[in-house]
Every structure is written in structure tokens, then in C-alpha cells.
Amino acid sequence: MTEDFASVVSYIMNTVGKPANAQDYYENVKDGFKLPALYFKIPENMPNKDLLPVQYVNSNTAFIEVYHLSNDLAYTLANDIANAIFKKRCYIPLLNEDGTETGLFIRVTVNKVARIDNCVAQVQISWEYRKNYCNNTSNADNFKFNLVGG
């Protein structure tokens, strides 16, 4: 999981998931899962050039599925996720690997909250995350190749 997506998941679970006693899932949800449940699929990603010559930008879209005992409960919990994002002006703190805040933020957009099936709602969110290009000359010495002839 990337650091930006992990930060989004952590924020949603801490503000909405845990207070609602929701179970988080990251793999395919199978029969017999605990309700309520939040299913975090890997976001769709589109890398693009950025305005700055030293960076590129990843445009991400995540579809978070919310499973509950009824249509209304699923939709309400999905709306709670959207509202939790809006309460912080759509800024989610970026986290380090150890879970501490970096002091940087991710600006998230809530694109849609919808019912998608019986007892299932979905929150569609998007954000952009900028990264620096790697400097090929400084990293060239770090690559190790294991070539096996055949």
C-alpha cells in the first residue's frame, strides 16, 4: 500500500470505521465477513507530468465499498465517511510508516456517494500525490542485477 493511500485509509478508519465498529478489508471480500465492513480496493492510478520539472503527479481514484445490514445503514456510513473528509476541509494528514504525521497533507475530493447493491454503498474519492523524479546518476550504483543465462 502506498503512503498516500495508507494515510487515507488510516484517517477513514480512525474517524469513521472504528467508532462504527467496522471491519476493514483489503483483499476480495468473501462470504461470512463481519458487518459493518469497509472494503478498500487499490486505487486507480494515472501518472502524469507535473508543472515542476523535478516532479510527476499520480492522480488517484479510490472506490471504498461500505457493507452493512441494510441499504440505509450502508448509505449512512458512506455519508459519514464523506462528512469526515469535509470536516477537515478535505485535508488528510500524510503519515510516516510508523503512523506519525509528517506535517504534510493530502487534499482529497469526494466525487460521489452512491448505493451500488443491496446493503452496499460506495464512496468515490480522488487526490493527487506528487513525487520527485529519481536522479538516474545517483541511483545507478544502487541497482543490482541477477542475470541467469539459459
Side-chain angles (χ1 to χ4, degrees), residues 1-136 138-139 142-143:
M1 186 179 295
T2 60
E3 63 187 354
D4 53 323
F5 186 49
S7 298
V8 170
V9 169
S10 175
Y11 178 79
I12 291 170
M13 284 306 298
N14 288 331
T15 58
V16 178
K18 289 178 184 174
N21 292 321
Q23 178 65 48
D24 50 335
Y25 292 95
Y26 306 95
E27 302 289 324
N28 291 336
V29 179
K30 298 184 170 121
D31 291 337
F33 59 91
K34 182 184 172 228
L35 293 176
L38 303 179
Y39 175 39
F40 298 95
K41 299 183 209 180
I42 295 173
E44 295 177 2
N45 179 285
M46 176 62 76
N48 289 303
K49 293 180 191 176
D50 197 18
L51 295 174
L52 298 175
V54 295
Q55 290 182 330
Y56 65 99
V57 62
N58 283 320
S59 298
N60 296 288
T61 302
F63 300 88
I64 303 160
E65 293 180 5
V66 179
Y67 296 82
H68 218 307
L69 297 171
S70 72
N71 290 331
D72 288 341
L73 290 172
Y75 192 75
T76 300
L77 189 56
N79 269 320
D80 289 347
I81 292 171
N83 287 327
I85 292 170
F86 282 116
K87 282 181 185 176
K88 292 290 187 173
R89 298 181 182 229
C90 300
Y91 287 105
I92 292 178
L94 184 65
L95 303 178
N96 290 310
E97 281 187 45
D98 63 1
T100 59
E101 294 184 11
T102 64
L104 302 174
F105 294 87
I106 304 165
R107 175 89 186 224
V108 176
T109 302
V110 178
N111 300 326
K112 187 177 182 180
V113 177
R115 290 182 178 99
I116 60 170
D117 204 349
N118 284 332
C119 304
V120 184
Q122 185 179 68
V123 182
Q124 179 185 349
I125 60 173
S126 60
W127 68 94
E128 291 185 341
Y129 186 63
R130 285 166 174 72
K131 290 189 166 193
N132 291 332
Y133 290 113
C134 62
N135 183 348
N136 290 338
S138 65
N139 290 334
N142 295 331
F143 294 130

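Between the CZ atom in Phe63 and the CD1 atom in Ile116 there is a gap of 10.0 Å [rounded to 0.5 Å]. For the atom pair CG of Leu77 and NE2 of His68, the computed distance is 5.5 Å after rounding to the nearest 0.5 Å. Distance check, rounded to the nearest 0.5 Å: CG of Asn60 to CE of Met46 gives 11.0 Å. Once rounded to the nearest 0.5 Å, the distance linking NZ of Lys18 with CG of Leu38 reads 12.0 Å.
Below 30°, between 30° and 60°, or above 60°: for Phe33 and Tyr25 the angle between ring planes is above 60°, a perpendicular geometry.
In this structure, the side chains of Cys119 and Asn71 come closer than 4.5 Å at one or more pairs of heavy atoms. Side chains of Tyr129 and Phe5 form no contact here, defined as non-hydrogen atoms less than 4.5 Å apart. Within the 4.5 Å cutoff, side-chain heavy atoms of Met1 are placed close to those of Tyr26. Pro36 is not listed as a side-chain neighbour of Leu73, based on a closest heavy-atom distance of 4.5 Å or more.
Looking at residues two or more places apart in sequence or on another chain, you find a side chain to side chain donor-acceptor pair (under 3.5 Å) between Asn111 and Ser126.
More than 12 non-hydrogen atoms from other residues, nucleotides or ligands lie less than 6.0 angstrom from CG of Leu35.
Side-chain contact check for Asn58 and Tyr56: no donor-acceptor pair (N or O, by modelled atom type) lies under 3.5 Å.
Just one residue in the list Ile85, Asn83, Ile81 forms a side chain to side chain contact (heavy atoms under 4.5 Å, CB included) with Val16, and that residue is Ile81.
A pairwise comparison of heavy atoms in Ser59 and Glu128 identifies OG-OE2, 3.5 Å as the closest pair.
Residue pairs that meet the salt bridge (Lys or Arg N to Asp or Glu O under 4.0 Å) test with at least one member in residues 64-88, sequence neighbours left out, are Lys41-Glu65, Asp72-Arg115.
Judged purely by atom type and a 3.5 angstrom limit, Ser10 has no side-chain atom pairing as donor or acceptor with the backbone of Ala6. Within the 3.5 Å criterion, the main-chain N or O of Tyr67 finds no donor-acceptor partner in the side chain of Tyr39.
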Side chains of residues 89-97: which donor-acceptor partners sit under 3.5 Å, not counting sequence neighbours?
unit_1 : atom_1 : unit_2 : atom_2 : d
Tyr91  : OH     : Arg107 : NH1    : 3.0
Asn96  : ND2    : Thr100 : OG1    : 3.0

